[in-house]
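Hydrogens, waters and symmetry mates are skipped; everything else that's a heavy atom, side chains included, is used. We count residues from 1, following the sequence as given.
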Amino acid sequence: MSDSINVLVTGGAGFIGSAVCRLLIAKGSYRVINLDKLTYAGNLQSLKEVSSSDNYRFVQGDIADEDLVRSLLDEEQIQAIMHLAAESHVDRSIDGPEAFIQTNVVGTYRLLNAALSYWRSLPPARKDRFRFHHVSTDEVFGDLPFDEGIFTETTPYAPSSPYSASKAASDHFVRAWHETYGLPVVISNCSNNYGPFHFPEKLIPLTILNALSGIPLPVYGRGENVRDWLHVEDHARALELIMTQGRVGESYNVGGRAERNNLEVVQTICDVLDEKRPMSASRRELISFVTDRPGHDRRYAIDPTKIETELGWQAQENFETGIEKTIDWYLSNEWWWAPLREQYQGTRLGAA
């Protein structure tokens with residue numbers, strides 16, 4: 001794949017998608033077309049630093065609109081699709097699974113159709129260079145025991161929630177379009193992301209902002225559920241590598257080698273904030289255990305050996321450096337989170 005590439009990023013106004021857009025534009029060798037429906041978690045303010053770039057274009061639209069997608073592919077002469085558009089909050093999927101099926105399954109199916117039609121129209125040299133990169137989650141693999149096991153690229157799928165089931169289905173459709181029709185695809189499955197521009201309903205930003213305000217810090221069950229935490233900018237670098245250097249038809253697991261249970265995550269945030277913005281008492285006293293959610297997977301853990309050895313990727317942040325940088329970002333960027341906090345506070349519990 002050449003150094004200069006026109007990329008269609010779906011869901012580029014979301015948390016991970018906006019990090020990808022910012023990275024690609026900063027590289028200087030990409031033109032990025034960001035297609036986003038702008039649902040509740042899409043935020044153009046996350047793209048403020050790239051919005052005036054000549055190499056960036058935003059289009060508000062739905063991945064399920066095949067005609068729109070096909071016209072963008074033709075108009076912009078797209079060389080790669082990075083598909084990040086998805087409904088992604090487990091609690092919301094439990095309350096209303098249909099939106100997850102429509103976006104994650106039906107939307108991916110229609111995006112695949114548009115991509116296949118476009119790819120078939122390309123001359124041979126451009127067909128060879130084209131990539132459809134589908135970005136997924138480790139949650140498709142289901143649940144791990146606390147004390148053993150790790151997800152590899154060959155781990156059988158066993159989703160537990162409507163969200164993870166919808167993502168598993170989309171992964172299968174992408175593989176099928178490669179095996180049946182020859183569409184050149186790559187797939188990646190990541191662990192839990194954190195970092196700047198993270199929607200305030202998720203565990204880490206919710207904990208940071210609640211702790212700043214001195215209000216309760218909700219933790220499901222006893223906080224024993226374990227996640228492998230990956231800084232979003234490390235993930236964005238991995239995604240660029242997979243898009244440009246990943247082997248067609250392969251999947252790559254991306255993890256931070258940073259397993260922590262939810263209680264440890266919340267306690268770490270409390271301790272860092274107590275140092276940076278002291279209160280009269282430890283913020284750990286704000287921790288409040290609440291009834292666990294249905295089907296809450298015990299543990300996720302990813303083995304990133306394949307992307308490390310094949311593509312030379314390494315996470316640059318460990319959990320301690322990454323969480324401090326994340327907290328510093330929230331302390332310095334109230335302009336971004338305060339309007340969202342006011343709009344959505346109290347509507348959802350942050351969970352992992």
Side-chain angles (χ1 to χ4, degrees), residues 4-63 65 68-69 71-73 75-89 103 107 111 133-135 188 190 193-202 204-205 208-209 230-244 254 317 322 325-326 328-344:
S4 180
I5 182 170
N6 299 332
V7 184
L8 175 66
V9 177
T10 71
F15 172 44
I16 301 172
S18 65
V20 168
C21 289
R22 293 190 301 271
L23 173 72
L24 296 183
I25 294 299
K27 289 267 184 176
S29 55
Y30 294 92
R31 173 164 171 76
V32 175
I33 289 61
N34 172 9
L35 175 64
D36 198 295
K37 193 175 178 180
L38 289 186
T39 55
Y40 75 97
N43 188 347
L44 292 180
Q45 292 299 307
S46 303
L47 295 149
K48 193 175 178 180
E49 67 185 65
V50 302
S51 60
S52 61
S53 169
D54 292 338
N55 289 323
Y56 173 80
R57 175 188 174 191
F58 170 70
V59 178
Q60 184 170 356
D62 192 337
I63 57 170
D65 185 341
L68 171 63
V69 173
S71 68
L72 285 175
L73 295 173
E75 181 183 345
E76 295 287 351
Q77 292 297 286
I78 295 298
Q79 295 160 272
I81 296 172
M82 297 185 76
H83 177 33
L84 295 106
E87 294 283 349
S88 65
H89 195 276
T103 296
L111 182 67
H133 179 185
H134 177 64
V135 181
S188 57
C190 70
N193 280 221
Y194 69 100
F197 300 103
H198 201 179
F199 192 72
E201 73 180 351
K202 298 300 181 88
I204 285 178
I208 293 170
L209 299 180
L230 173 67
H231 194 277
V232 70
E233 291 171 2
D234 280 329
H235 187 201
R237 291 189 303 102
L239 295 180
E240 185 210 4
L241 276 174
I242 294 165
M243 175 183 70
T244 56
V254 188
E317 304 292 347
K325 288 182 179 179
T326 300
D328 286 342
W329 186 88
Y330 278 90
L331 291 176
S332 302
N333 290 277
E334 186 173 350
W335 67 270
W336 182 86
W337 57 259
L340 295 172
R341 180 79 164 169
E342 183 176 350
Q343 184 175 0
Y344 291 103

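- Of the charged side-chain nitrogens involved, at least one lies within less than 4.0 Å of a carboxylate oxygen, so that Arg237 and Asp234 count as a salt-bridged pair.
- Interatomic distance, Phe58 CZ to Asp36 CG, rounded to the nearest 0.5 Å: 5.5 Å.
- By the 4.0 Å N-to-carboxylate-O rule, Glu233 lies too far from Lys325 to be salt-bridged with it.
- To the nearest 0.5 Å, the span separating CD1 on Ile25 from CD on Glu49 amounts to 10.0 Å.
- Annotation: the span from Asn6 atom CG to Leu72 atom CG amounts to 12.0 Å, rounded to 0.5 Å.
- At a threshold of 4.5 Å between non-hydrogen side-chain atoms, the residues Tyr330 and Ile204 do not count as touching.
- Contact of the Ile33 side chain with the Glu75 side chain is not registered, since no non-hydrogen atoms from C-beta on lie closer than 4.5 Å.
- To the nearest 0.5 Å, atom CG of residue Asp65 and atom NZ of residue Lys37 are 10.5 Å apart.
- No side-chain donor-acceptor contact under 3.5 Å links Arg57 to the backbone of Leu35.
- The closest side-chain heavy-atom distance from Leu38 to Leu44 is below 4.5 Å.
- With contacts defined as side-chain heavy-atom distances shorter than 4.5 Å, the pair Val20/Val32 does not qualify.
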Worksheet item: Where do His235 and Ile16 land on the side-chain contact (heavy atoms from CB on, under 4.5 Å) test, with the steps shown first?
Response: CA-CA 8 Å; His235 187 201; Ile16 301 172; 3.7 Å; yes
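- Nearest heavy atoms, Leu47 versus Cys21: CD2-CB, 3.5 Å.
- Trp337 places no side-chain N or O within donor-acceptor distance of the main-chain N or O of Pro200, the cut-off being under 3.5 Å.
- Side-chain N/O atoms of Tyr30 and Asn55 include no donor and acceptor closer than 3.5 Å.
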Item to complete: List the steps, then state whether side-chain contact (heavy atoms from CB on, under 4.5 Å) holds for Leu340 with Gln45.
Response: CA-CA 11 Å; Leu340 295 172; Gln45 292 299 307; over 6 Å; no
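- When every heavy atom of Val69 is checked against every heavy atom of Ile63, the shortest pair comes out as CG2-O, 3.8 Å.
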Worksheet entry | Chi angles and distances behind the side-chain contact (heavy atoms from CB on, under 4.5 Å) call for Gln343, Tyr40 | CA-CA 10 Å; Gln343 184 175 0; Tyr40 75 97; over 6 Å; no
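- Closest heavy-atom contact between Ser18 and Ala13: CB-C, 4.5 Å.
- Counting only residues at least two apart or on different chains, the side-chain hydrogen bond (donor to acceptor under 3.5 Å, both in side chains) pairs with a member in residues 8-17 are Thr10-His83.
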Practice prompt. For side-chain contact (heavy atoms from CB on, under 4.5 Å), just list the numbers for Val254 and Ile242, CA-CA rounded to whole Å, side-chain angles, deciding distance to a tenth of an Å, and then say yes or no.
Written response: CA-CA 10 Å; Val254 188; Ile242 294 165; 3.9 Å; yes
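- Atom CD1 of Ile78 sits about 8.0 Å away from atom CZ of Arg31, to the nearest 0.5 Å.
- Atom NZ of residue Lys202 and atom CG of residue Asn193 lie 9.5 Å apart, to the nearest 0.5 angstrom.
- Counting only heavy atoms from C-beta outward, the side chains of Thr326 and His231 approach each other to under 4.5 Å.
- Two residues are said to be in side-chain contact when any heavy atoms from C-beta on lie closer than 4.5 Å; Ser46 and Arg22 meet this criterion.
- Contact between Ala80 and Ile5 at its shortest, heavy atoms only, is CB-CD1, 3.7 Å.
- Proximity of Leu239 to Met82: side-chain heavy atoms (C-beta onward) are separated by under 4.5 Å at one or more points.
- Of the listed residues (Phe199, Phe15, Trp329), just one forms a ring-ring contact (aromatic ring centres under 6.0 Å, His included) with Trp336, and that residue is Trp329.
- Minimum interatomic distance between Gly322 and Glu317 (heavy atoms only, all atoms of both residues): N-OE1, 3.7 Å.
- Considering all non-hydrogen atoms of both residues, Cys190 and Leu230 come closest at CB-CD2, 4.3 Å.
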